[in-house]
There are 2 protein chains.
Amino acid sequence: MNYKKQLEEYFNEVDARCVLGLSIDCVIFGFYDNQLKVLLLRWKQTEEWGLPGGFIYKNESVDVAAQRILEERTGIKELFLQQFHTFGEDVRYNRQEISQKLSWPDTSSRQWPDRTVSIGYFALVDFSKVAPTADFLTDECRWWDVEKLPSLLFDHNHIVAVALRTLRVQLSWQPVGYNLLPEKFTMPELQRLYETILNRPLDPRNFSKKMRALGIIERLEEQRKGGAFKSPYLFRFNKEKYEKALQEGNLAFS
Amino acid sequence: MNYKKQLEEYFNEVDARCVLGLSIDCVIFGFYDNQLKVLLLRWKQTEEWGLPGGFIYKNESVDVAAQRILEERTGIKELFLQQFHTFGEDVRYNRQEISQKLSWPDTSSRQWPDRTVSIGYFALVDFSKVAPTADFLTDECRWWDVEKLPSLLFDHNHIVAVALRTLRVQLSWQPVGYNLLPEKFTMPELQRLYETILNRPLDPRNFSKKMRALGIIERLEEQRKGGAFKSPYLFRFNKEKYEKALQEGNLAFS
DNA sequence: TAGCTTTATGTATTCCTTACATATTCACTA
DNA sequence: TAGTGAATATGTAAGGAATACATAAAGCTA
């Protein structure tokens, strides 16, 4: 079978070129249709979904490797990318089960050690700029609603859960919206984003007041038409003020 | 030379028994004499100091390995231990320089790869319960004032800096004092701890008010005598309330 | 033009944060 | 034993932030 052969070659290349026993898993968050989304890959010839991931070249910084993997998957070069946890349990998942699900060839001749430690990164991307791209290991790459993920391969459900928890904590420190929204957005959109991440409803009057008080967004004259209702104003982040406030640590949000 | 022989054997054992290319570095914080301290080791027959660290057995969880390493260094079994960052730069330090400083034997026959990724943990310990213990690689193990660290081996100054930054952020989320102070402590002691970690002075009236408002400490009838001044009351953490508040996320501190 | 949907917005209350100064206690010593 | 010095304990007023809450306006559709 052609694909199996390819896999074998890939494994050989990884063993030769990459740091052994270490991997990277990326949780790529996007926001669309008032929902927080995660980018998942479907493995070739299966119905099994998992996170995009990869390996680290022998002389490559782990951060750079994560960036490279993300770029391959999303086509985006500049994005918010952050290491959030390293998963080092001795048994992270049932290897036999995975091997079977993915029809992996016999890997007993590999140099790869018995267990893999994985470094988790999460990325926040502007949904509208992403072109989800499957690779030669996978048939499909698409966004999934974070609340409705299927059962994932490896320990990837756990990894997503930890990433989400980290994102929630970070939200109270920095306006994550900057990275998840397109350049122009409406106040209700921003509010939905916060509501989705925090998983609770917010009062629109208080929310608007608070976000505007932070002093990092500005209202444009433009409005977005299109619905059978009052047109919302468009806003955008003021990058300078945003970064200044970040440095001064004035961005707590509760 | 006996020590070199020992080192060689140690390296061989590590290669055989441990996950290759991965290490753990621990930043152990203690509080004493109104200062935040870090536990450092002096390598045998040198004046070079570094963080306690070690390697992960092939079938050992990384968290467990960190715990094991800490226990060896401090004698404490139960402590607050948290992974805070994985250091994966491709060039973390000048290997030749280190090898020379520590008079390492020729390591070219080792299986160990060219670069090591290190997982950083920090621990908060009750200074009074620790028995700093050097191992066979080191001559001395002692506390250093966090503000007055010498130039450390490897990238350990950087690792301490990242740990400290993490600790500062965490302080606004949970009362770190619980892990760093002895069972009974005075309000001024608690205040010094916060001042040290936050690196700024706090108002004693407001501090006392705020800490007591959190509802997780209780004042004892006891006072601590001994100085030529009014005796301070002793307090202790109420573990149940502390954990309840942690779960409810009511412990922000700014 | 009536109706439906979503947006935009202000005020009163409570809570939290900050700023700030003095009286008390203990040990030491003269 | 009275006086001194050092650190502790404590309350109040003012300003700012968070919360709770309801209605009018705008755009589209029928």
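Values below: all heavy atoms of this structure, side chains included; hydrogens, waters and symmetry mates excluded. The sequence lines fix the lettering, A, B, ..., with proteins before strands; numbering per chain opens at 1.
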Readout for nucleotides 5-14 of chain D: B = base within 4.0 Å of protein heavy atom, S = sugar-phosphate only, - = neither; 5' to 3' it is BBBBSBBB--
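- Taking atom CZ on Phe185(A) and atom P on dT7(C), their separation rounds to 15 Å, with Å as the unit.
- With sequence neighbours excluded, no residue forms a ring-ring contact (aromatic ring centres under 6.0 Å, His included) with Trp43(A).
- For the pair Glu222(A) CD and dG27(D) C1', the computed distance is 17 Å after rounding to whole Å.
- For the pair Lys225(A) NZ and dA25(D) C1', the interatomic distance rounds to 13 Å; values are reported in whole Å.
- The interatomic distance linking Leu202(B) (CG) with dT17(C) (P) rounds to 13 Å, in whole Å.
- The side-chain hydrogen bond (donor to acceptor under 3.5 Å, both in side chains) check on Asn179(B) picks up nothing, with sequence neighbours excluded.
- The list of salt bridge (Lys or Arg N to Asp or Glu O under 4.0 Å) pairs with a residue in residues 147-164 of chain A, not counting sequence neighbours, reads Arg92(A)-Asp155(A).
- For Lys210(A) and dA18(D), the shortest distance from a side-chain N or O to OP1 or OP2 is below 4.0 Å.
- With sequence neighbours left out, Pro150(A) forms a side-chain contact (heavy atoms from CB on, under 4.5 Å) with Leu40(A), Trp49(A), Trp144(A), Leu152(A).
- Applying the salt bridge (Lys or Arg N to Asp or Glu O under 4.0 Å) test to residues at least two apart or on different chains, the pairs with a partner in residues 220-231 of chain A are Lys184(A)-Glu222(A), Glu189(A)-Arg224(A).
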* Does the pair Arg192(B) and Glu195(B) meet the rule for a salt bridge (Lys or Arg N to Asp or Glu O under 4.0 Å), with working shown? -> CA-CA 5 Å; Arg192(B) 297 298 163 262; Glu195(B) 288 177 332; 3.5 Å; yes
